[in-house]
Every structure is written in structure tokens, then in C-alpha cells.
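One structure below.
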Number of protein chains: 2
Amino acid sequence: MEERIERIRQQLHEHSYKLTPQREATLRVLLENEEKHLSAEEVWLLVKQKAPETGLATVYRTLELMSELGILDKVNFGDGAVRYDFRSEDAEHHHHHLICVECGTVDEIHEDLLGEVEQAVSDKFRFHILDHRLSFHGVCHRCIDNVDLDEVSKPKPQM
Amino acid sequence: MEERIERIRQQLHEHSYKLTPQREATLRVLLENEEKHLSAEEVWLLVKQKAPETGLATVYRTLELMSELGILDKVNFGDGAVRYDFRSEDAEHHHHHLICVECGTVDEIHEDLLGEVEQAVSDKFRFHILDHRLSFHGVCHRCIDNVDLDEVSKPKPQM
DNA sequence: CTACTTGCAAATCGTTTGCAAACAT
DNA sequence: ATGTTTGCAAACGATTTGCAAGTAG
């Protein structure tokens, strides 16, 4: 955690940005809630517990800044708010998500599943791949025994 | 085109919805602009050329209805507006997108690339897959010769 | 010092909604 | 007739922005 913050402080300094208390509080909230996919407002509510004067706009600005630096990824699960996700330390690729249509949970997959697929796309379409986004909509392992799989209506993922 | 409209008329009737002139105009605009990924407002501007009295709210309601019926998919390329995409006729899976970070073009891939990957996910995570979303960010075949690939900055896809 | 940051409130912008009128069957 | 659909304008909610004051390095 501390080393992680320290590393980010460096990254900020390299671009002559400062690690203000508000930014640090925001980062700590995000680090304490990895895998939770918080929205800007949710982050803000938690940040205010550490630094009560912090404004929502500042949190938005911090999140935007971290996205630009490649520290965070923005993700959109179609519920009307952008959510923020730490990019894997190796910074290689965006990770994948399993979105449960029953309970709404979003699990992460950190394995890179797309090696061969990327090769195929790259060759077939002459497309130089820089990044990808992959998510699956379905029934998670927690719900799978509680639903009749034939009953689960064709999902119309909100997005 | 006409058969496609006719089929959708049937689908609507099965759910006791009507194919009104506004809905038909909206569908025609979408059919005439497949692969264009129009936003609601862009659709509306085109619809008004066919049926000038049509309101933007009606277009939104039509697009939402079509999504619920599984005729359209909503897609979000992170530019602030939801865009609409005809679901492949076989209605099997959402198709994939190649998003060019240079020129912004979005190409579609209709092949299903994920057969094996889905099997792996399904087994490994005990996740019953209903649908998926996959997109690649990179440099398209039109731009690939005009850019130094090492120059292309690490992309921070807006989403 | 002084450029970078912040908080606040107002502004934006895509999308949704209430409602009375118009319409389809 | 009767339930659906529409257009309009107002409401909404997430995000952004202008600006004067505050602060990190």
C-alpha cells in the first residue's frame, strides 16, 4: 500500500503534478477497495471520511488524472455511472469482468485470455492491437445453483 | 430491408406493440446506417428528415424498446453517448468492435472469436455465460501505414 | 514564490418522465 | 372504446467548468 502510493507519487512528479492530501486520500480509498468498482460519488463518500473538506469535483479531477496516467481504468457496466478500476501493476492489459445478471456482482479475471484471439484479429484485419475490453454477462458461481438456467431470460445487458 | 421491417413488425405485435410511423422511420434510419453506430440524437436528426414531427423522446423510447426486444444492442465507446447497433440476425451474440485510436473509426467483427475462451471461463469460474462484449483498441488497417507504431502512445481508452 | 489545486456553485449534456392530446385496433 | 403512443417541456443525474482563494514543492 505505502509503496504503491510512493510509486504513484513518483509518477505524478514526473509529470509535475503534486500529491495533495485530497489525491492521496482518493488513492487510499481506491486501494482499500480494489475489485469493488466504485463510482466517483462512492469514492467521494469514502474520501470525505478521511478528508472531510474534499469536494466531489476534486475527486472527479483526480480520477480523470489517474486515468490519463494509466493508473486507473474507467469501466462502464451500463448502470449510468463510470466506475474506476486499478490497472494491473504490470500495466499490460485491461482485465476482464464477469457480470452476474442475477446478483449484479462483478468479478475480475486477471488472466490474459486473449493471446490467440489477438493474434487472429491482428492478422486477419491488419489491426495493431493496443488494448482490449472483455466482459461476460451471465450467472456467477454463487447464483448458478439457485436458478433454472433455462429460465434465465435472454439477457439484454444494459450495455 | 422490407422483409426486415416486416419481421420486426411481427415481433412488436407478438408483444402487442404497434409499428407506428415514428418507429418505422427510426428503424429505417438504423437499417440504412448499419455499422455506423449512431447515437440517439444522430438517429433523431435523420428520422426528422423522414417524419419531421418526430420528437427526440420518441426516438429514445423506440431505441429502448428495440433494445428490450433484443433487436438492438446498446454500445458505449466512451464518448458520452450511448450508441445503437443491430444485433446480428441470428441473435446469438453481441459482435465485437475494433476501435481505432488514430481516426476513431469503429469496425465490426461478426465472427465469433470466443468459443474456446468461453469454454475456459465457464469451466474455470463456474460462470454460465449468456453474452459477452469484446472490443479492441488500436490502429486500424487504414492508419497502420501512416503512424510509427512505437510512437502511438500507450492508449488511455476513454473507456 | 508561483504554478498547480481546490471548493463551490453554476453550467452542461445525455437521457428520462409527467401529462394531456392523438392514435391504432 | 380503450389501451398505446406521441410531443413538449420540465426534471434528472452524472460530470464539467469558471473562478477566486489556498497550498505544495
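So you know, we letter chains A, B, ... as the sequences are listed, proteins then strands, and number each from 1.
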Under the ring pair (Phe, Tyr, Trp, His ring centres under 6.0 Å) rule, what pairs show up with a residue in residues 8-57 of chain A, not counting sequence neighbours? A:His37-A:Phe77, A:His37-A:His97
A:Val29 and A:Tyr60: same hydrophobic cluster, using ILVMFWY side-chain contacts below 4.5 Å? yes
For DNA chain D, which residues of residues 57-65 of chain B approach it to below 4.0 angstrom with any heavy atom? B:Ala57, B:Thr58, B:Arg61
Please tabulate, one pair per line, each protein N/O and nucleotide N/O from nucleotides 22-25 of chain C that are separated by under 3.5 Å, including the distance.
none

Please enumerate all residues that pass salt bridge (Lys or Arg N to Asp or Glu O under 4.0 Å) together with A:Arg61, with sequence neighbours excluded. none
Give the first and the last nucleotide of DNA chain D, reading 5' to 3', that has any atom under 4.0 Å from a heavy atom of chain A. D:dA14 to D:dG25
Using the test side-chain hydrogen bond (donor to acceptor under 3.5 Å, both in side chains), find all partners of A:Glu32 that sit at least two apart in sequence or belong to another chain. A:Lys50
Just how far, in rounded Å, is C1' of C:dT6 from CZ of A:Arg23? 9 Å
Suppose we screen for ring-ring contact (aromatic ring centres under 6.0 Å, His included). Which residues come up paired with A:His96, at least two apart in sequence or across chains? A:His132
Any salt bridge (Lys or Arg N to Asp or Glu O under 4.0 Å) pairs touching residues 95-105 of chain B, not counting sequence neighbours? none
Residues within residues 30-47 of chain B bordering DNA chain D, heavy-atom distance below 4.0 Å: none
Helix axis bend for the helix from C:dC1-D:dG25 to C:dT25-D:dA1 - C1'-based end axes, five pairs, 10° rounding: 40°
Under the side-chain hydrogen bond (donor to acceptor under 3.5 Å, both in side chains) rule, collect the residues that match up with A:Glu2, sequence neighbours excluded. A:Arg28
Just to verify, what does B:Glu116 make a salt bridge (Lys or Arg N to Asp or Glu O under 4.0 Å) with, not counting sequence neighbours? none
